[in-house]
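One structure is given below, encoded as structure tokens.
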Amino acid sequence: KILIIGACGQIGSELTYKLRDIHGNENVIASDINYGNLDVVNSGIFEILDAQDYSAVKICVEKYNIKTIYLMAAMLSATGEKFPMKAWDLNMDSLFHVLNLAKEGFIKNVFWPSSIAVFGSTTPKENTPQYTIMEPSTVYGITKQVGERWCEYYHNKYGVDVRSIRYPGIISWKTLPGGGTTDYAVDIYHKAIADKTYECFLSENTELPMMFMDDAIKATIDLMHADSDSVKIRSSYNLAAISFTPTDIANAIKKHIPDFTISYKPDFRQEIADSWPKSIDDSQARQDWNWTHNFDLEAITKEMLTNLSKE
Ligand code: VAH
């Protein structure tokens, strides 16, 4: 059986829906620190679970005979800068608990998300390689960089089958993101429909790697279903789909909402975004487990506006 920790989050919620589809509701246990997403809570098995409480996680694993954990709980880049030690404690304690459960043989497989936030301003920004300089300048990025080191260590030293992806910014409509720097790319669609205008907290030419949620979920499932010896990277895989600027996304929206306007008021998140790559080389993921993305900016914009209008 599968346990999702952080199931009410932006990625966690859609992973939960997908895993329930694939494996059946009775084989998927969703959990989170609170009832943050009532649709997730009410559409299958749900447990309140504090990812920082080892014995609580262990009790849940034993209660449901869990074999695979998707650890999606974390404090993201923007919020992490407001509460550095809370971000460190949550992101690291939860990872160690899950890795140790695997090391002790209580579970068999682990998925743990990394992020392009592992890269810093000294990293080559165009087509960032799988192996390169990594000097993250956010607490969140530091936790993801050191988490990758620990995942690789537990795999090499204890044979733990942990797999990981460096997600870019992710765009979705089912669940709002929480505390990220790339969240502008979700907010803009909500505001385009509600107000036909958006004040963007990043400057107009801030190019960032982005991906539609369906692509991110597909990559996660494909990686977890790949046979173990084709998963050659046990730190975390670079993964990419498209890159765009706020101007690009505003122009894509204008094709559907001609009188949409955008203004720019960069805040503290500009410095975070400036430290991240503009585009990512994900050839290793394409080579090892046949990764390909489906959604370009036009397709994403159509999906977002269509579904948010229905909402
Ligand atoms: C954030 N959405 O903005 C997350 C992600 C690459 C961005 O890590 O912090």
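Every heavy atom of this structure was used, including side-chain atoms; hydrogens, water molecules and symmetry mates were not.
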For this session: Salt-bridge test for Arg234 and Asp161: reply yes if a basic N is under 4.0 Å from a carboxylate O, no otherwise.
Result: yes

Exercise. If only atom types and distance count, is the side chain of Asp215 paired as donor or acceptor with the main-chain N or O of Ala241 below 3.5 Å?
Worked result: no

Exercise. Does the pair Lys63/Glu47 count as a salt bridge with the N-to-O cut at 4.0 Å?
Worked result: yes

Problem set entry | Check: Cys200 and Lys265 side chains under 4.5 Å, non-hydrogen atoms | no

For this session: Give the minimum heavy-atom separation between Val186 and Ser172, together with the two atoms involved.
Result: CG1-O, 3.5 Å

Exercise. When you check the side-chain N and O atoms of Thr123 and Thr132, is any donor under 3.5 Å from an acceptor?
Worked result: no

Exercise. Taking Lys218 for the side chain and Met213 for the main chain, is one N or O donor matched with an acceptor at less than 3.5 Å?
Worked result: no

For this session: Give a yes or no on whether the backbone of Gln52 and the side-chain of His97 come within a donor-acceptor separation of less than 3.5 Å.
Result: yes

Problem set entry | Phe111 six-ring centre to Arg163 NZ/CZ under 6.0 Å and within 45° of normal | no

For this session: Would you check if the side chain of Asn238 reaches a backbone N or O of Pro129 as a donor-acceptor pair within less than 3.5 Å?
Result: yes

Exercise. If you count the non-hydrogen atoms of other residues, nucleotides and ligands that lie under 6.0 Å from CD in Glu271, is the total more than 12?
Worked result: no

Seminar exercise, completed: In short, Val160 meets Ala102 closest at the heavy-atom pair CG1-CB, 3.6 Å

Problem set entry | In one Ile/Leu/Val/Met/Phe/Trp/Tyr side-chain cluster, 4.5 Å: Ile69, Ile33 | no

For this session: Using distance alone, with no hydrogens and no angle criterion, decide if Ser13 and Thr16 have a side-chain donor and acceptor under 3.5 Å apart.
Result: no

Problem set entry | Identified side-chain contact (heavy atoms from CB on, under 4.5 Å) counterpart of Leu71 within the set Ile4, Val98, Leu3 | Val98

For this session: Assign the ring pair His225 / His23 to parallel, tilted or perpendicular, where the plane angle (0 to 90°) is split at 30° and 60°.
Result: perpendicular

Problem set entry | Within 6.0 angstrom of Lys108 NZ, more than 12 heavy atoms from elsewhere | no

For this session: Answer with yes or no whether the side chains of Tyr237 and Asp288 bring together a donor and an acceptor at under 3.5 Å.
Result: yes

Exercise. Does any N or O in the side chain of Gln145 come within less than 3.5 Å of the main-chain N or O of Met134, such that one atom is a donor and the other an acceptor?
Worked result: yes

For this session: Quick one: do Glu126 and Lys278 satisfy salt bridge (Lys or Arg N to Asp or Glu O under 4.0 Å)? Show the steps, please.
Result: CA-CA 6 Å; Glu126 299 287 352; Lys278 293 177 186 298; 5.5 Å; no

For this session: State, without any angle test, whether Thr122 and Glu135 hold a side-chain donor-acceptor pair at a distance under 3.5 Å.
Result: yes

For this session: Identify whether the distance between the nearest side-chain nitrogen and carboxylate oxygen of Glu26 and Lys1 falls below 4.0 Å.
Result: no

Problem set entry | Any donor-acceptor pair under 3.5 Å from Asn65 side chain to Val61 backbone | no

Exercise. What heavy-atom pair brings Ala252 and Thr301 nearest, and what distance separates the two atoms?
Worked result: CB-OG1, 3.5 Å

For this session: Verify whether the ring centers belonging to Phe96 and Trp150 lie closer than 6.0 Å.
Result: yes

For this session: Please check if any side-chain donor atom of Arg286 sits under 3.5 Å from a side-chain acceptor atom of Thr292, or the reverse.
Result: no

Exercise. Do Val110 and Ile107 have side-chain heavy atoms sitting under 4.5 Å apart?
Worked result: yes

For this session: Can you see which heavy atom on Ala273 is nearest to which on Leu202, and at what distance?
Result: CB-CD2, 3.9 Å

Exercise. What closest approach, in Å, do Ser164 and Trp112 show between heavy atoms, and which atom pair accounts for it?
Worked result: OG-O, 2.6 Å

Exercise. Do the side-chain N and O atoms of Ser279 and Ser243 include a donor-acceptor pair separated by under 3.5 angstrom?
Worked result: no

Exercise. Applying the 4.5 Å side-chain criterion to the ILVMFWY set and letting contacts propagate, would Leu101 and Leu49 be lumped into a single cluster?
Worked result: yes

For this session: Using the rule that two of Ile, Leu, Val, Met, Phe, Trp, Tyr join whenever any of their side-chain heavy atoms come within less than 4.5 Å, decide whether Tyr167 and Val146 are in one cluster.
Result: no

For this session: Could you check if a side-chain atom of Leu223 sits within less than 4.5 angstrom of a side-chain atom of Val231, using non-hydrogen atoms only?
Result: yes

Problem set entry | Lys103 charged N/C atom sitting above Tyr158 aromatic ring, 6.0 Å / 45° | yes

Exercise. With a 3.5 Å cut-off and no angle check, do the side chains of Gln270 and Thr206 form a donor-acceptor pair?
Worked result: yes

Problem set entry | Steps toward side-chain hydrogen bond (donor to acceptor under 3.5 Å, both in side chains) verdict (Tyr17, Asp39) | CA-CA 10 Å; Tyr17 299 138; Asp39 186 56; 2.5 Å; yes

Exercise. Is the closest side-chain heavy-atom distance between Lys144 and Arg166 below 4.5 Å?
Worked result: no

Exercise. What's the verdict on salt bridge (Lys or Arg N to Asp or Glu O under 4.0 Å) for Lys125 and Glu207, showing C-alpha distance, side-chain angles and the deciding distance?
Worked result: CA-CA 10 Å; Lys125 286 200 176 306; Glu207 184 179 2; over 6 Å; no

For this session: Verify side-chain contact (heavy atoms from CB on, under 4.5 Å) between Ser77 and Trp276, making sure each step is shown before the conclusion.
Result: CA-CA 11 Å; Ser77 61; Trp276 290 349; 3.6 Å; yes

Exercise. Should Glu62 and Lys58 count as an ion pair when the cut-off is N to O under 4.0 Å?
Worked result: yes

Problem set entry | Under 3.5 Å side-chain donor-acceptor pair for Glu104 and Asn100 | no

Problem set entry | Lys254, NZ atom: more than 12 neighbouring heavy atoms under 6.0 Å | yes

Exercise. So, do Tyr35 and Phe46 have ring centers that fall under 6.0 Å from each other?
Worked result: yes

For this session: Could you state whether Met211 and Trp173 fall into the same hydrophobic cluster, counting links through intermediate Ile, Leu, Val, Met, Phe, Trp or Tyr residues with side-chain heavy atoms under 4.5 angstrom apart?
Result: no

For this session: Determine the minimum heavy-atom distance between Leu208 and Pro277, stating which atoms define it.
Result: CD2-O, 3.8 Å

For this session: State whether a side-chain donor-acceptor pair under 3.5 Å links Asp282 with Trp291.
Result: yes

Problem set entry | Ser114 versus Glu148, side-chain donor and acceptor atoms under 3.5 Å | yes

Exercise. Would Tyr140 and Thr79 count as having a side-chain donor-acceptor pair, cut-off 3.5 Å?
Worked result: no

For this session: Apply side-chain hydrogen bond (donor to acceptor under 3.5 Å, both in side chains) to the pair Ser203 and Asn205, showing each step before the final yes or no.
Result: CA-CA 6 Å; Ser203 64; Asn205 298 316; over 6 Å; no

For this session: Determine whether the side chains of Ser283 and Asp281 contain a donor N or O and an acceptor N or O closer than 3.5 Å.
Result: yes

Problem set entry | Lys232, NZ: over 12 other non-hydrogen atoms inside 6.0 angstrom | yes

Exercise. Would Leu19 and Ile170 show up in the same hydrophobic cluster when neighbours are defined by side-chain heavy atoms closer than 4.5 Å?
Worked result: yes

Problem set entry | Side-chain (Asn307) to main-chain (Glu303) donor-acceptor, under 3.5 angstrom | yes

